[in-house]
Amino acid sequence: MRNKQVNVSDRLFPTPVSQEHWQVETSAGTLYGTLDLPEIPENARVILMISGSGPTDRDGNSTVLRKPNDSLKMLGGHLVSLGFAVLRYDKRGVAASSAAAGDMANTRFDDMVDDARAWIDKIAGDPRFGDIGVLGHSEGSLVALLAATDDRRVRFAISVAGAGRPIGQVIREQLQPQPGFIRKKALAILSELEEGRRVEKVPFYLAQLFGADLQSYFISWNAHDPAALMRELDIPVLVIQGETDIQTAITDAELLASAGKDARLHIIPGMNHILKDAPAGRIRNIMSYTKPGLPLSSKLIEVLNDFSESLV
């Protein structure tokens, strides 16, 4: 059922003209999402937005942080102002979809891809809409690209702050600043997981990264090479990376874009991982993660507008 219409009037924080509450059944249970609608939804392009790693909800907020940042909610509003419809959803085990958590020890990365494809099926079944695209943020970038593989209904893709290498290589790099004893133990565990072998004894200080219930997920995630996947896609792909992102490197975006048949790369000056303007310094950068009042990077919106106009 469509909510009461709201005028799109704020340039910094545009809101959808209307919204619908959607749900889809998956192997883990029911997932819930929000469909943001433009003024004229008929034949509008639809973007399935896929959030990043961990307990991140449809709005881009993580339960790990004490305050929201609303980055994906805001991104949905901007995309609607460009004429797109946008479907954002809570991943299995998160927020409204928390009952669909399933058994984490038996959850695989490809389960997330299956969930995205279930949403694509639902969108494709709605006669109001035109072309379907996928937008993945951070870990969601790989989910989006995999969901688009061999699915002719997906006509374009947008990767935002996505890795260009298998996740093991990314984590290996991220471990470099850690104290020597932590790095040594973590790299030993990582090497085993990269070979597809589980590790029985994981120290408590590495449990959030390599805990027993996370290892099967990690092994299945690491099996995918994002750059290799890009070479298989025959659709336009927009690759976006923030210059002050302290979680994903510019080299990853360059790897993705260089591998694509029809990919265009945009490095956004001053933009961090949650799509907002922030300095490169770690402390002040992270402070932006809990400030929903900060607008998204204006340059990001310009890039998305240009990409929208380029779609045939």
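Residues: numbered from 1 along the sequence shown. Because the structure is predicted, anything quoted here is derived from the model rather than measured.
- Under the side-chain contact (heavy atoms from CB on, under 4.5 Å) criterion, Ala157 pairs with Val134, Leu145, Ile235, Val237, not counting sequence neighbours.
- Ring geometry for Phe181 versus Tyr205: interplanar angle over 60°, hence perpendicular rather than tilted (30 to 60°).
- Ring-centre distance between Phe84 and Phe129: not below the 6.0 Å cut-off.
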* Going through the distances and angles, do Ile132 and Phe156 end up as a side chain to side chain contact (heavy atoms under 4.5 Å, CB included)? -> CA-CA 7 Å; Ile132 300 172; Phe156 61 94; over 6 Å; no
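- Within the 3.5 Å criterion, the main-chain N or O of Leu275 finds no donor-acceptor partner in the side chain of Ser297.
- Distance alone, capped at 3.5 Å, is enough to place a donor-acceptor pair between the Asn61 side chain and the Asn69 backbone.
- No donor-acceptor pair closer than 3.5 Å links the side chain of Gln19 to the backbone N or O of Thr34.
- Other residues, nucleotides and ligands place no more than 12 heavy atoms under 6.0 Å from the CD atom of Gln208.
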* Kindly determine whether Asp57 and Arg88 satisfy salt bridge (charged side-chain N to carboxylate O under 4.0 Å, His left out), including the steps that lead there. => CA-CA 9 Å; Asp57 65 15; Arg88 303 175 287 112; over 6 Å; no
* To do: Check the pair Glu42, Arg128 against salt bridge (charged side-chain N to carboxylate O under 4.0 Å, His left out), reporting the backbone distance first and the verdict last.
  => CA-CA 5 Å; Glu42 287 72 22; Arg128 290 176 296 176; over 6 Å; no
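- Surrounding NZ of Lys122 are more than 12 heavy atoms belonging to other residues, nucleotides or ligands, all under 6.0 Å away.
- For the pair Lys299 and Asp277, the salt-bridge criterion is not met [side-chain N within less than 4.0 Å of a carboxylate O].
- A donor-acceptor pair under 3.5 Å is absent between the side-chain atoms of Arg165 and the main chain of Val170, judged by distance alone.
- Salt bridge annotation for Arg92-Asp115: present, with a cationic side-chain nitrogen under 4.0 angstrom from a carboxylate oxygen.
- Other residues, nucleotides and ligands contribute more than 12 heavy atoms inside 6.0 Å of the CZ atom of Arg264.
- Checked by atom type and distance alone, the side chain of Lys91 pairs as donor or acceptor with a backbone atom of Gly54 at under 3.5 Å.
- Here CG of Leu193 is found 9.0 Å from CD1 of Ile171. Values are rounded to the nearest 0.5 Å.
- Heavy-atom contacts from other residues, nucleotides or ligands closer than 6.0 Å to CE of Met287 number 12 or fewer.
- A donor-acceptor pair under 3.5 Å is formed between the side chain of Gln241 and the backbone N or O of Thr248.
- By the 4.5 Å heavy-atom criterion applied to side chains, Val202 and Ile189 are counted as neighbours.
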* Given side chain to side chain contact (heavy atoms under 4.5 Å, CB included), test Ile240 with Ile268 step by step and report yes or no. => CA-CA 7 Å; Ile240 297 173; Ile268 309 294; 3.9 Å; yes
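- Rounding to the nearest 0.5 Å gives a distance of 14.0 Å between CD1 of Ile167 and CD1 of Ile219.
- Around atom NZ of Lys276, more than 12 heavy atoms belonging to other residues, nucleotides or ligands sit under 6.0 Å away.
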* To do: Test side chain to side chain contact (heavy atoms under 4.5 Å, CB included) on Tyr89 and Val24 and set out the steps.
  => CA-CA 10 Å; Tyr89 66 97; Val24 71; over 6 Å; no
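- Within a 6.0 Å sphere centred on CG of Asp150, heavy atoms belonging to other residues, nucleotides or ligands number 12 at most.
- A donor and an acceptor atom, one from each side chain of Ser288 and Asn272, are located under 3.5 Å apart.
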* Carefully, step by step, assess Arg198 and Ser216 under the rule side-chain hydrogen bond (donor to acceptor under 3.5 Å, both in side chains). => CA-CA 8 Å; Arg198 294 177 58 85; Ser216 294; 3.0 Å; yes
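- Remark: Arg197 CZ is packed, more than 12 non-hydrogen atoms of other residues, nucleotides or ligands lying under 6.0 Å away.
- Counting only distance, with no hydrogens or angles, the side chain of His78 and the backbone of Leu12 share a donor-acceptor pair below 3.5 Å.
- Considering only heavy atoms from C-beta on, Leu135 comes within 4.5 Å of Leu79 through its side chain.
- Using cut-offs of 30° and 60° on the angle between ring planes, the pair Phe218 and Phe210 is perpendicular.
- The backbone N or O of Arg108 sits less than 3.5 Å from a side-chain atom of Asp111, completing a donor-acceptor pair.
- Side chains of Thr56 and Ser51: no donor on one and acceptor on the other come within 3.5 Å.
- Remark: the backbone N or O of Gly93 is not paired with any side-chain donor or acceptor of Ser97 at under 3.5 angstrom.
- Aromatic rings of Tyr32 and Trp22 (six-membered ring for Trp) have centroids beyond the 6.0 Å cut-off, not under it.
- A salt bridge is defined here as a Lys NZ or Arg NE, NH1 or NH2 lying under 4.0 Å from an Asp or Glu carboxylate O, and Glu232 with Lys261 fails to meet this definition.
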* Dump the intermediate steps for side-chain hydrogen bond (donor to acceptor under 3.5 Å, both in side chains) on Arg45 and Ser308, then the final yes or no. => CA-CA 10 Å; Arg45 296 186 178 95; Ser308 172; 4.9 Å; no
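- Under a 3.5 Å cut-off, the side chain of Glu173 and the backbone N or O of Gln169 do not form any donor-acceptor pair.
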* Asked: Please walk me through it: do Gln23 and Thr30 pass side-chain hydrogen bond (donor to acceptor under 3.5 Å, both in side chains)?
  -> CA-CA 7 Å; Gln23 64 188 63; Thr30 305; 5.0 Å; no
* Test side-chain hydrogen bond (donor to acceptor under 3.5 Å, both in side chains) on Asp110 and His224 and set out the steps. => CA-CA 10 Å; Asp110 288 340; His224 298 292; 2.8 Å; yes
